[in-house]
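This report refers to the structure that appears directly beneath it.
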Amino acid sequence: MTTLGGRDLPQPPTNPPSVGQSAVGNTGPTVQVGGSNVGNINITRLPKLPVTPIPRGDQEAALEPVWAHTPTPQRAANLLAAHGLAVVTGERGTGRHISAVRALHTHLSTPAGPPQLFYLAADWDEDEAPEREVLPEPITGHGYLIDATSRFFSENAARALTAWAEELHDAGGCLVVTRNQRDWRGDSRFEIEAVRPDAIQVARNHLAHWGSHAQAGWLQQDAQRTPTRGLLRQAAPDRTVGVLSDLITRSVSPDDAVAIAERLRGIDPERLAKAVERIDAPSSPEHEQGVSELRRIWEEVLLWTNFLEQTLTGTGTRGQDRVMLLAAAYLEGAPIERCIKAATEFGGRDEAVARRYREGRSPRRRLRDVGVDITSSDTAAFHSRPGLARSAIRMDWHHWADERDATTNWLARITVPDGVASAWTEQIGSRLLELSITEVESPFFTLLDTWATTSPDEQYLRIVTALIAQAAETEEIARDAHKQLLD
């Protein structure tokens, strides 16, 4: 074949090459080969486990000035210095994650600069151990964190990581593993149990770091400590200092403490100061206005809207999880078994429905997953998320409007004299009274009528009388309460 200029063009081969291409000694998960291929492609090594740098935000949270001091990081750093491995154990809310990051910083930081910190994915089968070739090569100043709080580690995996940590240690690196309590199957010498940080201090540190010093003062627990002006004269005491000192309990997780601090940051200091001033007023109406305003501020800060939307409405859950949370919210402080029995009565006494609450995940696991604490005495609590119970009741009433009648009937059924929640009737009434302040069509007065007419014994009449008296003193529903008294 020739061109118009008379030049010969290269001819295509008449037969494919007799020898195929080959690719050996590759370290990647895929190999791309161009052209025809009739030979074998052999990958002689497994791909490395995914490694990602620990984000700047996580590293900053582990350093001054926002760090709330606990002994956990230093104990872990001591193990890193001796062996190159530390296993930080603990339940959610103990700060195990950020403590691990701080331990890596403490051990690896040098005057020359900060260390290189990475998350290492535990990307191997649960019943296997990671091969040495998939683990990163030891490099001086490199520290790794494996979050194994949601997966199982075999004894072989623990031994493999321990051996790799020895290599890291020899090269000037280290490894920290975070796990739940009693889940580490390796050498117990490397375990450190995380000490829960002071959630109030976490929130105050963040507020001060953001420049929200007034809001940080509201959380101050020792309200007697006031700033001074000059050297000789003490400033007038700030009445807002310590006014929200019991807003956050010490069992709140660090993440939740930061979220509360962010909402608290949005409260205008002048607004809270006026509320406190009204509370100190001698006149009763002025005092009540101040109390109401302070309560509204409290509710705004402790609204667990995002958490509830993610765990309930965001996933469209309208089954067992939602009702289990409702039962614990209304019966806060009751034995867990009592909450479970109350949940099984939602929607009727169908035995099949009751059985479903004990299938799949355990009832106690369901409760924990929706934010309920289970105390050492096996009762339902919300210590780690103060205000969640009331927020759950309010959100449920608002979002599931088509099930309000079912909820009202359920509450009436479980509070009859021989009902599963009869001993918590007054508490349920108090929760409904709080609901009446912000939501329309609250079943508060409906249930009062039910309790007064169907259970006319002395105990229920005392409960109804006390609740109506509280309602009459509540500005938002006082008129309805007085009408109820007249009727």
Side-chain angles (χ1 to χ4, degrees), residues 57-58 60-62 64-70 90-99 194-223 238 240-273 275-276 291-314 325 328-329 332 368-373 381-395 434 438:
D58 286 1
E60 289 180 346
E64 309 296 340
V66 297
W67 170 256
H69 288 266
T70 76
E91 299 302 324
R92 180 193 179 277
T94 55
R96 59 196 175 190
H97 174 75
I98 298 300
S99 293
V195 177
R196 184 185 297 274
D198 186 335
I200 299 172
Q201 193 60 51
V202 171
R204 292 194 66 200
N205 286 359
H206 278 78
L207 287 167
H209 181 59
W210 296 329
S212 302
H213 299 287
Q215 289 88 339
W218 300 343
L219 297 176
Q220 184 172 309
Q221 295 208 299
D222 184 3
D238 184 349
T240 66
V241 173
V243 70
L244 299 179
S245 60
D246 53 352
L247 179 75
I248 302 175
T249 62
R250 294 186 181 278
S251 56
V252 169
S253 73
D255 286 345
D256 289 337
V258 174
I260 292 173
E262 288 177 345
R263 291 194 291 270
L264 192 64
R265 187 184 179 192
I267 302 298
D268 184 0
E270 186 175 346
R271 176 187 172 194
L272 186 129
V276 172
V291 171
S292 297
E293 179 65 7
L294 192 60
R295 182 177 60 209
R296 278 189 286 268
I297 292 173
W298 187 288
E299 288 293 324
E300 286 179 30
V301 174
L302 288 184
L303 271 181
W304 294 95
T305 306
N306 292 338
F307 173 82
L308 290 168
E309 286 181 347
Q310 291 173 4
T311 55
L312 297 180
T313 62
L325 175 57
E332 182 177 0
R368 288 193 179 98
D369 287 349
V370 292
V372 181
D373 297 326
F382 293 88
H383 299 318
S384 64
R385 291 186 176 90
L388 178 63
R390 291 168 172 82
S391 292
I393 291 171
R394 183 167 48 250
M395 176 173 283
E434 295 168 356
T438 57

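All values derive from a computational prediction rather than experimental measurement. We count residues from 1, following the sequence as given.
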Inset, instruction - Could you check Leu272 against Leu294 for side chain to side chain contact (heavy atoms under 4.5 Å, CB included), going step by step and ending with a plain yes or no? - result: CA-CA 7 Å; Leu272 186 129; Leu294 192 60; 4.2 Å; yes
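From Ile98, atom CD1 reaches atom CG of Asp255 across 7.5 Å, with rounding to the nearest 0.5 Å. Expressed to the nearest 0.5 Å, how far CH2 of Trp67 lies from CD of Gln201 amounts to 12.0 Å. Here the CD atom belonging to Gln220 is positioned 9.5 Å from the OG atom belonging to Ser245, to the nearest 0.5 angstrom. Rounded to the nearest 0.5 Å, atoms CZ (Arg250) and OG (Ser384) are 15.5 Å apart. With rounding to the nearest 0.5 Å, the separation of CG in Leu219 from CD1 in Ile260 is 9.0 Å.
For the pair Leu325 and Leu308, the minimum side-chain heavy-atom distance is below 4.5 Å. Two residues are said to be in side-chain contact when any heavy atoms from C-beta on lie closer than 4.5 Å; Ser99 and Thr70 meet this criterion. Taking 4.5 Å as the limit, some side-chain heavy atom of His97 sits within range of a side-chain heavy atom of Asp58. The side-chain heavy atoms of Leu302 and Trp298, taken from C-beta on, include a pair separated by under 4.5 Å. Residues Pro386 and Trp304 are in side-chain contact: their nearest non-hydrogen atoms beyond the backbone lie under 4.5 Å apart.
Other residues, nucleotides and ligands contribute over 12 non-hydrogen atoms within 6.0 Å of the CD atom of Glu64. Other residues, nucleotides and ligands contribute at most 12 non-hydrogen atoms within 6.0 Å of the NE2 atom of His209.
Using modelled atom types, no side-chain atom of Ser212 and backbone atom of Ala208 make a donor-acceptor pair closer than 3.5 Å. With hydrogens and angles disregarded, a donor-acceptor distance shorter than 3.5 Å links the side chain of Arg196 to the backbone of Ser251. When atom types are taken as modelled, the side chain of Arg96 and the backbone of Ala194 share no donor-acceptor pair closer than 3.5 angstrom.
Remark: Arg385 pairs with Asp256 by the salt bridge (charged side-chain N to carboxylate O under 4.0 Å, His left out) rule, at least two apart or across chains. With sequence neighbours left out, the side-chain hydrogen bond (donor to acceptor under 3.5 Å, both in side chains) criterion links His383 to no other residue.
Thr240 and Asp238 share a donor-acceptor pair across their side chains, judged by distance under 3.5 Å alone. His206 and Gln215 share no donor-acceptor pair across their side chains, judged by distance under 3.5 Å alone.
Across Arg263, Arg295, Arg271, a single residue satisfies salt bridge (Lys or Arg N to Asp or Glu O under 4.0 Å) together with Glu300, and that is Arg271. Between Leu207 and the choices Val258, Leu264, Val202, Val66, the side-chain contact (heavy atoms from CB on, under 4.5 Å) rule is met once, by Leu264.
Residue Gly371 comes nearest to Leu388 through the heavy atom pair O-CD2, 3.6 Å, listed as atom of the first residue, atom of the second, then distance. Scanning both residues, Gly93 and Pro197, for their nearest heavy atoms gives O-CD, 4.3 Å. Residue Ala257 comes nearest to Ala203 through the heavy atom pair O-CB, 3.8 Å, listed as atom of the first residue, atom of the second, then distance.
Between Glu434 and Arg394 there is no salt bridge, since no side-chain nitrogen of the basic residue lies less than 4.0 Å from a carboxylate oxygen of the acidic one. Between Glu293 and Arg296 there is a salt bridge, since a side-chain N of the basic residue sits under 4.0 Å from a carboxylate O of the acidic one.
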